[in-house]
Colleague: 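What follows is a single structure, and I will ask about it in a moment.
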Amino acid sequence: MIAFVIKRLLQTAALLLVVSVLVFLGCEILPGDVAQVSLGQYATPDNVQALRIELGLDRPAYERYFDWLFGILQGDWGRSITTKTPVARMLSERLSNTALLAAVTTVVAVPLALILGLLMAVGAGRAWDRVASVVTLGLSATPEFLIATLGVLLFAVQLRWLPAVAYLSPGSDLAQTARALFLPAATLSIVVMAQIARMTRAIIGNLLTQPFIEMATLKGVPPRRVVGVHALINAVGPLANVVALNIAYLVSGVLVVETIFAYPGLARLMVDSVQARDLPVVQACAIIFCATYVLLIFLADVLAHIYDPRSNLEAADRKG
Amino acid sequence: MMSKDGGAFVPGSLSDQAERPPVLSRRLFNVGLLSSGVLAAGGLPIISPAKADPVRGGSVRLALAAQNTNDTFNSAKYVQANDYIRGTSVYSYLTRLDENLQPQPEIALSWEPNSDATRWTFKIRQGVTFSDGAKLTLDDIAFSIMRHKEDKVASTAKQLTGNITSVTGQGPDTLVIELASPDVDLPVLVSIFQYAIVKNGTYDFANPVGTGPFVVKEFQPGIRTVLARNPTYWKEGRPYLDQIEMIAIVDPAARANALLSGDVDMITELRGSAIDEVAKSSNGSVFVTPSTRYTAIQAAVDRAPSNNQDLNLALAYLVDRKRVLDTVLRGYGTIANDHPFGPQSPYYNKALPQRALDLDKAKYHISKSGIGQTKVELSISDAVVYSVDIGQLMQREAARAGLNLELRREPTDSYWTAVAGNRPYFGTNFHPRPTYNMFLNLAWRKGAAWNFSHYESEKMESLITQAQSTLDEAKRKEQYDEIQSIIYNSGALVLPCFLSYVDGVSKKVKGLTPVPLGNLGGFNFADRIWLEG
């Protein structure tokens, strides 16, 4: 087990290294001279050249890559080209916003989705399952902006129960934060829940047709225990991966929700930075997004490994 | 995604309408006379300024249409509405343009030109202090203007500052500005947003210090700006508000919803059906500022096929201006005549026939151009507000006239560097400038930064220079008439309609008056508005 984790950790680190090279290269080949874009069109060629030197753009790419990489390893993300402030400072508030929204959504959506999926799998083919399947299929096909906009129109504009924008003033208390986050978290929860519930139903449903489940049932294990223990343990691996991908999406892919609710998060920062050719910020965002994916998948793999009966058997064999 | 709306690219943003009357009437105005032959500009806002007495206190939250991480307090880097509004809240200016675009005293109390308008003498207000307690000096003012000439500042107002040769203090309260060539509009020029008054020697604006109505409490570029009342502001009893908070809501529907739900008190740039939603709501009102802001189709006249004057004129006859105004702008604008002068301006050339949709004339020019069935590409983009709609209307009429007009929808990202001026036909948009001359200098001079058509003519150069220094109104009118006629006939500019600024304001907010330079009172309202008790 420990050997497995160490092996996967090394693989993850190697993968992140490759990702850092790709992110750096990607930014290198973005069209448009950074210094020129940053100074605007009134800049003289002298100014542009001066800024290029100040930014170190005259040095070879590999040197700049290693400087950047070692900087990150020491927690230094560099300085923004447009604002001249440390990237870490620009990231801090948005990173915590993004993390907060993703965490709230995860805590709400994942347990609900798993329970819903389980119920659907158990009642497969019954009226309850049919209705729930149609609803979740419909919701997972509905674009977020539609759910979000309808939510705003109903709860913010008509009923006035909730704010239309998820704007957190500095020093908001818990109640204000909860009110502000309600609509975006609900929107994302609906989207994520629909997907996870459908996958859960499919995975568990598939397991329930396996011979070992039939055997357990024939041996007289009560249905609740069949699903809750025998099937669910075998489903942990695939489910962990589905959940991990959805959480990663909550961190990196919620541009639409951030835009509609004017929620200052990382996705919006990355888009703005690409437009301003603020490469240190773009690189930082890209690395954070990629690292989120890689680390979550790593966790899912470890979880899958722990709950994989076959790997446990091997371990038992070796001990035996 | 992000609508740059000209603002982003058209720094200095100001233009026009009524150009200043000559020096004499300006001085009259300062003693409170000038009634308003030149009123023109204003137009009537939907909400009228409140008559009630201003109330102190309260906090206003403003949602802006654009979100940029390069938000700045360095006025030399101003490029968009966000910066202008933040600037007028934290800094003071020598003069301010009023509802009729007349310069009004601010830090400058009065001004006087010499006989040929090459040397201007300003009397400066005494007893003004910066928010850090330092006294405002003439050196600070001189630096605030002359720094825009410095290479390392790389100012967006560098070109406009070119004519200023020196700014010097004489005596305790007198400032003298020397010009290379005459400029009768200097008191207007010194009101532009870039000439924010800062402390002598300031190059780092991370912690801005100004003499304006508010001080910076929190500034997170691209997220929020929180401004608190400046207790030592030089205007007695102002500002009325205790706090202004600025955030960005990029999505137009979300922005309108935030106003309707009461989460914000003011928003810029209402669009489409949201205008009607706000108009019929109980808590919001539509704040309209007629202006000469515009979206146009421009031809790059230095390349084929857009160097073909007949083809350009054919396009001008293929725009259904009335339809653009009624359906695209929902009536919030005025019909234009393919040159940048507004119909209310005293300089407007009434002799030029109003262009309208005319398929016969279009067909005549198409056949004369010899373009045949060759495809003509028109670049449009969300970067240029309403250009997509205008392009689609033109394409429909072009098909009826037998012209193969194809629309190229360009990405907003890098539109202003890669597309505008680099394709044969493309959309552009501009905020107004306080004077037509300033606008012509920026957009129609040979080699000017925003001369996207690459238009060059000696005649135009000399007319712009003359108009800048001509004190005789009648003569000046003739020069501007000719400029309009040149642009009108060049075909380089197809300008269907001027756009009004349409903003949303909570009914609680009072004291806002339209200034035809930009959103929400010409981007300048911080020391004027108050909240109803």
Side-chain angles (χ1 to χ4, degrees), chain A residues 31-33 36-44 46-48 50-51 80-85 89-90 92-94 97 145 148-149 152-153 155-170 180 255-256 258-262 264 268-269 271-278 281, chain B residues 1-2 4 8-9 11 61 63 66-72 74 76-77 79 148 151-159 204-206 217-218 220-224 226 245 247-251 253-264 277 281 283 411-414 416-418 449-450:
Chain A
D33 182 289
Q36 182 70 54
V37 172
S38 153
L39 284 176
Q41 52 184 308
Y42 281 112
T44 61
D46 289 349
N47 289 338
V48 174
L51 184 66
S80 153
I81 293 174
T82 51
T83 63
K84 307 269 192 269
T85 51
R89 214 168 83 194
M90 293 175 74
S92 66
E93 180 167 352
R94 295 186 185 251
N97 280 347
F145 73 82
T149 309
V152 169
L153 283 180
F155 294 107
V157 177
Q158 292 298 326
L159 298 171
R160 300 273 177 98
W161 291 349
L162 296 165
V165 285
Y167 172 72
L168 298 175
S169 293
L255 178 65
V256 172
E258 283 182 15
T259 304
I260 289 184
F261 292 102
R268 185 84 224 168
L269 177 67
V271 171
D272 290 348
S273 308
V274 169
Q275 287 185 335
R277 295 285 182 273
D278 197 346
V281 184
Chain B
M1 298 279 304
M2 187 168 59
K4 287 214 160 175
F9 196 65
R61 195 182 275 176
Q67 178 173 45
N68 279 306
T69 47
N70 55 355
D71 282 346
T72 178
N74 178 358
K77 292 289 180 197
V79 288
H148 297 277
D151 264 353
K152 70 170 170 179
V153 174
S155 171
T156 50
K158 189 170 183 174
Q159 190 171 9
D204 176 6
F205 291 86
K217 196 163 138 194
E218 194 195 341
Q220 289 272 2
I223 302 183
R224 82 174 69 81
V226 185
E245 188 170 354
I247 59 172
I249 304 181
V250 181
D251 183 64
R255 207 156 59 236
N257 285 337
L259 178 71
L260 295 177
S261 68
D263 293 310
V264 299
E277 293 294 320
S281 75
N283 57 339
T412 55
D413 183 15
S414 76
W416 295 105
T417 43
W450 299 316

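Here is the naming used below: chain letters follow the sequence lines, and residue numbers restart at 1 for every chain.
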Colleague: Does any backbone or side-chain atom of A:Glu93 lie under 4.5 Å from a heavy atom of chain B? Answer side chain, backbone, both or neither.
Modeller: side chain
Colleague: Do you know which of B:Val226, B:Ile247, B:Asp204, B:Asp71 has the most heavy-atom pairs under 4.5 Å to chain A?
Modeller: B:Ile247
Colleague: Can you list the residues that meet the side chain to side chain donor-acceptor pair (under 3.5 Å) rule with B:Asn74, with sequence neighbours excluded?
Modeller: B:Arg147
Colleague: Provide the closest heavy-atom pair for A:Thr259 versus B:Val250 in the form atom of the first, atom of the second, distance.
Modeller: CG2-CB, 4.4 Å
Colleague: Can you confirm whether more than 12 heavy atoms, excluding those of A:Arg160, are under 6.0 Å from its CZ atom?
Modeller: yes
Colleague: Ignoring hydrogens and geometry, is there a side-chain-to-backbone donor-acceptor pair from B:Asp263 to A:Ala164 under 3.5 Å?
Modeller: yes
Colleague: Between A:Val157 and B:Glu277, is any pair of side-chain heavy atoms under 4.5 Å apart?
Modeller: no
Colleague: Looking at B:Gly262, B:Ala254, B:Gly222, B:Ser261, which one has more heavy-atom pairs under 4.5 Å with chain A than the rest?
Modeller: B:Ser261
Colleague: Between B:Ile249 and chain A, which part of the residue has a heavy atom less than 4.5 Å away: side chain, backbone, both or neither?
Modeller: both
Colleague: Check A:Arg94 against B:Ile223 and note the closest heavy-atom contact, atom names and distance.
Modeller: NH2-CG1, 3.4 Å
Colleague: Between atom CG of B:Asn257 and atom OG1 of A:Thr149, what is the distance when rounded to the nearest 0.5 Å?
Modeller: 7.5 Å
Colleague: Select one option (side chain, backbone, both, neither) describing which atoms of B:Arg255 are under 4.5 Å from chain A's heavy atoms.
Modeller: neither
Colleague: Who wins among B:Glu218, B:Gln220, B:Glu245 for the most heavy-atom pairs under 4.5 Å with chain A?
Modeller: B:Glu245
Colleague: What part of B:Ala248 gets closer than 4.5 Å to chain A, counting heavy atoms only: side chain, backbone, both or neither?
Modeller: backbone
Colleague: Apply side chain to side chain donor-acceptor pair (under 3.5 Å) to A:Ser92 and list each qualifying residue two or more places apart in sequence or on a separate chain.
Modeller: none
Colleague: So what's closer than 4.5 Å to chain B heavy atoms on A:Val165: side chain, backbone, both or neither?
Modeller: both
